[in-house]
Amino acid sequence: MAIKKTKLNFIKKSSDNNDSTIVIFQKNVAENFDETAVAWTVIKNPKQLIKYSFLYPSHFKVQASDPEGNPTSAMTACEGQSFEMATDKSENILKLSSTPAINKKDVEIKNNLETGAINGYALKDEKVLAAKSGIAPGQKAVFQFPPTIWVGAVSQVEEGDVMKSAVIQSINKELPLENLSRADIVM
């Protein structure tokens with residue numbers, strides 16, 4: 001499976017001299033995304049006319065952490081796949097499930113451990129894109145991301161932060177990326 005990457009450049013052409021922080025994130029349409037979106041890429045205090053480049057891969061990876069917080073290896077995920085946290089030789093591992101996701105556009109992480117809650121993560125370009133914590137045995141996290149990013153100016157947000165609902169709702173700049181190989185985002 002070839003993973004396509006879109007090269008994105010953020011360029012500030014605004015004369016606004018406020019110490020803005022630019023946040024870029026995706027909305028997980030399989031869950032109630034207004035509640036939890038993660039600051040995927042953050043550009044702090046961008047300077048005028050400087051190009052800030054980053055890549056947007058077409059696919060994402062999944063990862064989990066076991067009840068003790070030990071992370072698994074990240075695995076590339078495709079639409080319709082389901083992964084499960086299970087015990088193998090007294091070790092908790094994340095593996096591809098023999099059962100596909102219920103929705104063909106979703107990717108699922110199921111907690112198949114007998115005891116203990118896990119955390120599930122979606123990663124893009126090795127950075128956390130979405131997270132679901134406290135997945136109890138028998139429950140799952142579900143991820144689905146359209147090829148769209150959201151961009152906005154915020155304050156006091158760090159890369160990897162779960163953003164508050166009010167912050168997410170204040171950002172209304174949606175950029176579709178389907179079939180793009182490169183793009184400039186100009187402020």
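Starting from 1, each residue takes its place in the sequence as its number.
Here CD of E79 is found 8.5 Å from CZ of F60. Values are rounded to the nearest 0.5 Å. In this structure, CD on E159 lies 11.5 Å from OG1 on T21, to the nearest 0.5 angstrom. Of the inter-residue distances, the one linking I50 atom CD1 with N9 atom CG reads 12.5 Å to the nearest 0.5 angstrom. Rounded to the nearest 0.5 Å, atoms OG (S53) and CZ (R182) are 8.0 Å apart. Rounding to the nearest 0.5 Å gives a distance of 16.0 Å between OH of Y52 and CG of L8. Atom CD1 in I149 sits 9.0 Å away from atom OG1 in T6 (nearest 0.5 Å).
Looking only at distances, no side-chain donor or acceptor of D66 sits under 3.5 Å from a matching main-chain atom of I118. Judged by distance alone, with hydrogens and angles left aside, the side-chain atoms of K4 form a donor-acceptor pair with the main-chain N or O of L180 at under 3.5 Å. The closest donor-acceptor contact from the side chain of Q48 to the backbone of S14 lies under 3.5 Å. Of the possible donor and acceptor atoms, none in the side chain of D161 sits under 3.5 Å from a partner among the backbone N and O of M163.
Each of I135 and L123 belongs to its own hydrophobic cluster when Ile, Leu, Val, Met, Phe, Trp and Tyr are linked at side-chain heavy-atom distances under 4.5 angstrom. By the rule that hydrophobic residues join a cluster once side-chain heavy atoms approach within less than 4.5 Å of another member, L175 and I11 end up as members of separate clusters. Linking Ile, Leu, Val, Met, Phe, Trp and Tyr whenever their side-chain heavy atoms come within less than 4.5 Å puts V151 and L177 in one cluster. A single hydrophobic cluster is not seen to contain both I24 and V154; linkage of ILVMFWY side chains at heavy-atom distances under 4.5 Å, directly or through other members, places them apart. Both I168 and V42 are assigned to one and the same hydrophobic cluster, defined by single-linkage of ILVMFWY side chains at heavy-atom distances under 4.5 Å.
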Worked check of side-chain hydrogen bond (donor to acceptor under 3.5 Å, both in side chains) between K127 and T41: CA-CA 8 Å; K127 298 184 287 187; T41 297; 3.0 Å; yes
Stepwise side-chain contact (heavy atoms from CB on, under 4.5 Å) test for F25 and I171: CA-CA 10 Å; F25 65 97; I171 297 172; 3.6 Å; yes
Working note: M75 + L94, criterion side-chain contact (heavy atoms from CB on, under 4.5 Å); need CA distance, chi angles, decisive distance, verdict. CA-CA 8 Å; M75 302 174 71; L94 183 66; 4.2 Å; yes
Assess whether side-chain contact (heavy atoms from CB on, under 4.5 Å) is satisfied between K12 and K47, documenting all intermediate values. CA-CA 7 Å; K12 178 182 174 183; K47 305 297 179 218; over 6 Å; no
For a side-chain contact (heavy atoms from CB on, under 4.5 Å) check, start with the C-alpha distance between K110 and S97, then their side-chain angles and the critical distance, and finish with the verdict. CA-CA 9 Å; K110 300 174 188 172; S97 176; 4.2 Å; yes
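The minimum heavy-atom distance linking A39 with V23 is given by the pair CB-CG2, 3.6 Å. The two residues F145 and A130 come nearest to each other via the heavy atoms CZ-CB, 3.6 Å. Contact record, S82 with A101: CB-N, 3.7 Å, taken as the closest heavy-atom pair. The shortest non-hydrogen separation linking A86 to L113 is C-CD2, 3.7 Å. Considering all non-hydrogen atoms of both residues, N119 and G134 come closest at OD1-N, 3.0 Å. The minimum heavy-atom distance between P71 and Q63, with the atom names listed, is CB-NE2, 3.9 Å.
In summary, K27 and E174 do not engage in a salt bridge, as defined by a charged side-chain N under 4.0 Å from a carboxylate O.
Donor-acceptor pairing under 3.5 Å is lacking for the side chains of S181 and K7. Checked by atom type, the side-chain pair T87/E91 shows no donor-acceptor distance below 3.5 Å.
Looking at heavy atoms from C-beta onward, I109 lies out of side-chain contact with E84 at the 4.5 angstrom threshold. By the 4.5 Å heavy-atom criterion applied to side chains, N92 and P67 are counted as neighbours.
Because its NZ or CZ atom is both nearer than 6.0 Å to the ring centre of Y56 and within 45° of the ring axis, K124 counts as a cation-pi partner of that residue.
Not counting sequence neighbours, K173 has no partner by the salt bridge (charged side-chain N to carboxylate O under 4.0 Å, His left out) test. Listed by chain and residue number, nothing satisfies the side chain to side chain donor-acceptor pair (under 3.5 Å) test with D125 (two or more places apart in sequence, or in another chain).
Within 6.0 Å of the CD atom in E114, the count of heavy atoms belonging to other residues, nucleotides or ligands does not exceed 12.
Listed by first and then second residue, the side-chain hydrogen bond (donor to acceptor under 3.5 Å, both in side chains) pairs involving residues 135-150 are D106-Q144, E108-K140 (not counting sequence neighbours).
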